[in-house]
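We name chains A, B, ... by the order of the sequence lines, and we start the count at 1 in each one.
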Protein chains: 2
Amino acid sequence: MEIKKEVTIYDLAKELNYSPSTISRALNNHKSISKKTIKLVKQTAERVGYRPNNLAAGLRNNKSKTIGILIPHINRPFVSTLISGIEEAARKAGYNVLISQSYDDYKNEVNNAHTLYDSRISGLIVSLAMETTDFAHFQQFVDQGIPIVFVDRVPKVFNSYKVVIDNYSAGYKATKHLIEGGCKRIAHFAGSQHRNVYEERKKGYIDALKEYNLPIEKELIIPFKTLSFEEGKKVTKKLLEMKNPPDGIFSANDTAAVSAIICAKKMGVSIPEELAIIGFNDDPISSIVEPALSTMSHPALKMGKISAKRILDHSLKDLDKLLSEVSVLNTEVIARASTKPIS
Amino acid sequence: MEIKKEVTIYDLAKELNYSPSTISRALNNHKSISKKTIKLVKQTAERVGYRPNNLAAGLRNNKSKTIGILIPHINRPFVSTLISGIEEAARKAGYNVLISQSYDDYKNEVNNAHTLYDSRISGLIVSLAMETTDFAHFQQFVDQGIPIVFVDRVPKVFNSYKVVIDNYSAGYKATKHLIEGGCKRIAHFAGSQHRNVYEERKKGYIDALKEYNLPIEKELIIPFKTLSFEEGKKVTKKLLEMKNPPDGIFSANDTAAVSAIICAKKMGVSIPEELAIIGFNDDPISSIVEPALSTMSHPALKMGKISAKRILDHSLKDLDKLLSEVSVLNTEVIARASTKPIS
DNA sequence: AATTTTTACGCAATCGGTTGCATTAATAAA
DNA sequence: TTTATTAATGCAACCGATTGCGTAAAAATT
C-alpha cells in the first residue's frame, strides 16, 4: 500500500504561483491578502484536498490549538457531561480536546499533567484527584503562561481560574431541606476532606444543623473513601442498626445515596418517613431509583462550557490581570420522593 | 509575567557537550548510544526539567503519538466507559487521546474526522453517527496508512479494523430469553436500520420468533429515532393501549427499556407477569430501576482496550495484511426481575 | 507630475526534534 | 603490527507552517 503524498502549502504555492507565505496568510484570512486571492487559495485548497498540519503550525507557534483535560474518571455522569460541554465549546472555536484520567491517583495526575504539557496544549482543565495536596506539577503551565482552569475539585491555594458550585451553600441547602422535612438526626456521608467540594458540603451541613439548634454528632458524620455503592451499603446498614438511628441522610454524592435507599428498603425502613435521604449531583440513577432520590443539581454541561471559555478567552486578556477568576454556579435542591415535603 | 524559556535538546547538548542528535538518540534509548551517556542525558534532562516537544517530533515523523476518538455522545454510559478503556490502554503505551463527538450528526462526523486528521493522529477509533451511510471522510486516513478501528456501530462495507459484539446473536438471545419466560407477543424497540447494531439485533429478534414459531408482527416492531426516554414512554403507552397488547418487549437499549418499565407501572401493568422487558447495554440505571431490568451485557471497557490495541499494534504489522480484522466479543443475558424465569 | 500612502505579496529564518550518512576512536581479528 | 569491525557520536537536511521585514505596484494626495 503506497502512501499518498500529502499536499502542503508549498504545493498550493507552486500550483497558484504564489509564495508559501501568501498561501499561509490567505488560509488564515490575513488582512494583507486580497479577497480575490483568499478565495482562490481556499477554493484550490478544497479542490486538491489540502489539510493543514496542526503539528507544524503548533511547533511554529509553540502551542497547539488543543485543550487538555485531566479528570479522575471519565465514566461518571458528572464528568462525562462536563467533558461533553468542554468538547462542544472547544470544537466550535476550532480547538481539539485531549483527555486523561488520573483514576483519583496523585501519581497518575502528575504524569498526565506532564504528558499533556508535552503536547503544548493551550490550556488545561483539571478536576483534582482525591488526595492531591501538592500542586508542583501544574507549575510548568504557569511558567509558560498556559492557563489552567480548575473545575469542581479545585485547590484552595493555587492561583488560577476556577469553576465551581457553591458547595457550602449546597450542603447547607440540602441539610436544611431535610430539617424542614422534619428530620432531627441527620447523618452525613462525607468525602475526602482534602477536597474542597466535600469539605465545604460538610461545613454547610454542620452550619445548617447549628442554625436549627440540632446537635452535631461525630458518629453521624461518616468519612467515606470513594463514596461508592458498596461503601454506602455497608455504612447505611451500620447506621440503621444503631440504637438511635438517624432519620435523615445527606450524602455527598448520588451513588452512595442510592445505595442507602436500596439498603434501607431491604431493611424494611420506610423512605422518607423513617429515613429521608438527599444526594448530590443529579445522576441519572437518582430519578430512576424508588423512591426517587432528592438531590442537588450540578450543572456539569455549563461548567464544562465555562471552563473551555476561560481558556479560549485567555489569550485575549491582559495577562497578569484576571488570572484568578472564580466562577461560582448556583445549585438547587431537586426535591423528589426520598425526602419529606416541607412541613 | 515573563515566560520562562523552555529547555530543548539543544540546551541539553550544550550543557553536556554533545550534539543534539546524541541527545535525541539517548532520550529514545537508541542502541548506538552508550548506556553511560543515556543515563547521563536522562538524569540531566530530569534535573533541568526538560520536556519533549511532541509537536516537533510529530512534525518530523508526520504523526503524533495520539489516538483520535470519534463518537456520537460522550456522556452515555457505554461510550464513556469505552473511552475510559481506550484512554487507559493508550496512556500505558505513551499515547494521548483526542476526543470528538458527532452528536449523531453526519456533518459533524465529517468535520470532526477532518479536524482529527489535521492533528496527524496515529489512529482513529470511530463509532458511527446514526445516519452515516457515506464513508468518504475516512478515505484520507486510509490513503495515509492511518489505521481506523470501527467500534460497536460499524460500517458493513468499509475495509478496516472492527470491534463489535455479536448483535445478531445478542438479539436472538434476548428474544429467546423472553420466549422461554413464556412471552407470546414480543414487541421490539428498534433503532436506525442503517446501523449494524440495530439491524442485527432486530434480525436476531425475528429469527428467534421464527425459531419458536411465533408470528412476526409489523405493528410490534417499533422504529425509534433515538431510543430516548421520551420516545420510549410514548411508544409504550401506545403499545399497552392496543386491543391486543404485547406481553414482552425487547428494547435495543436500556434507556427506552427503563422508560417502558416506568410507563407500564404507571399504567398498572405488572412486570414481568403481564409484560416482561429486556433491554440492552447494562447501563447503571438498569440495575436501579424497579423491577430491575434484564438486559444484555456490553463489554465497553474491553472493547475500548481492544480498539486501542489494534491501533497500537498496527505499526508492527505487515501492512496490506490484516487490515480488516474483526473482533467479535461475546454478550450474555443478564437476567433480572423484569423478565420471568425460564419456565 | 511628484510624492506619499496603501495594498499585496515574497524572502528567509524559525520552531524542536529526527535520521541517513559520515567519521573517529576503540576493540577484535589476522 | 596491520587490518577489519564495532561502538559512539557528529553533521546537516528535513518535517510544514508562520511571520518580521522588505519591496514593487497601485492608489491617493498634494
Any side-chain N or O of Ser34(A) below 4.0 angstrom from OP1/OP2 of dC9(C)?
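So the side-chain polar atoms of Ser34(A) do come within 4.0 Å of the phosphate oxygens OP1 or OP2 of dC9(C), strictly under.
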
Specify the separation, in whole Å, of atom [atom1] of [X] and atom [atom2] of [N].
X	N	atom1	atom2	value
Tyr18(B)	dG10(D)	OH	P	7 Å
Lys39(A)	dA8(C)	NZ	P	16 Å
Asn17(A)	dG10(C)	CG	C1'	12 Å
Lys31(A)	dA8(C)	NZ	P	12 Å
Lys36(A)	dA26(D)	NZ	P	12 Å
Leu16(A)	dA8(C)	CG	C1'	15 Å
Asn29(B)	dT18(C)	CG	P	12 Å
His30(B)	dC21(C)	NE2	C1'	12 Å

Is it true that Glu325(B) and Lys162(B) make a salt bridge, defined as a side-chain N closer than 4.0 Å to a carboxylate O?
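The answer is no: the pair does not qualify as a salt bridge.
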
Side-chain ion pair, Glu88(B) and Lys92(B), N-O less than 4.0 Å:
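Here Glu88(B) pairs with Lys92(B) in a salt bridge, since their nearest N and O are under 4.0 Å apart.
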
Footprint string (nucleotides 14-21 of chain D, 5' to 3'): B base within contact, S backbone only, - free, heavy atoms under 4.0 Å:
BBBBBBBB

Asp11(B) near the nucleic acid: base, sugar-phosphate alone, or nothing, with a heavy-atom cut-off under 4.0 Å?
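No contact.
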
Residues that Asn62(B) engages under side-chain hydrogen bond (donor to acceptor under 3.5 Å, both in side chains), provided they are two or more places apart:
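Here the qualifying residues are Glu6(A).
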
Once the angle between the rings of Phe138(A) and Phe141(A) is folded into 0 to 90°, is it parallel (under 30°), tilted (30 to 60°) or perpendicular (over 60°)?
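Rings of Phe138(A) and Phe141(A): tilted, 30 to 60°.
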
Given Asn196(A), Asp104(A), Thr132(A), the one that forms side chain to side chain donor-acceptor pair (under 3.5 Å) with Arg153(A)
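Considering Asn196(A), Asp104(A), Thr132(A), a side chain to side chain donor-acceptor pair (under 3.5 Å) with Arg153(A) is found only for Asp104(A).
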
Any donor-acceptor N/O pair, Lys63(A) side chain to Leu59(A) backbone, under 3.5 Å:
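Side chain of Lys63(A) to backbone of Leu59(A): no pair is present.
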
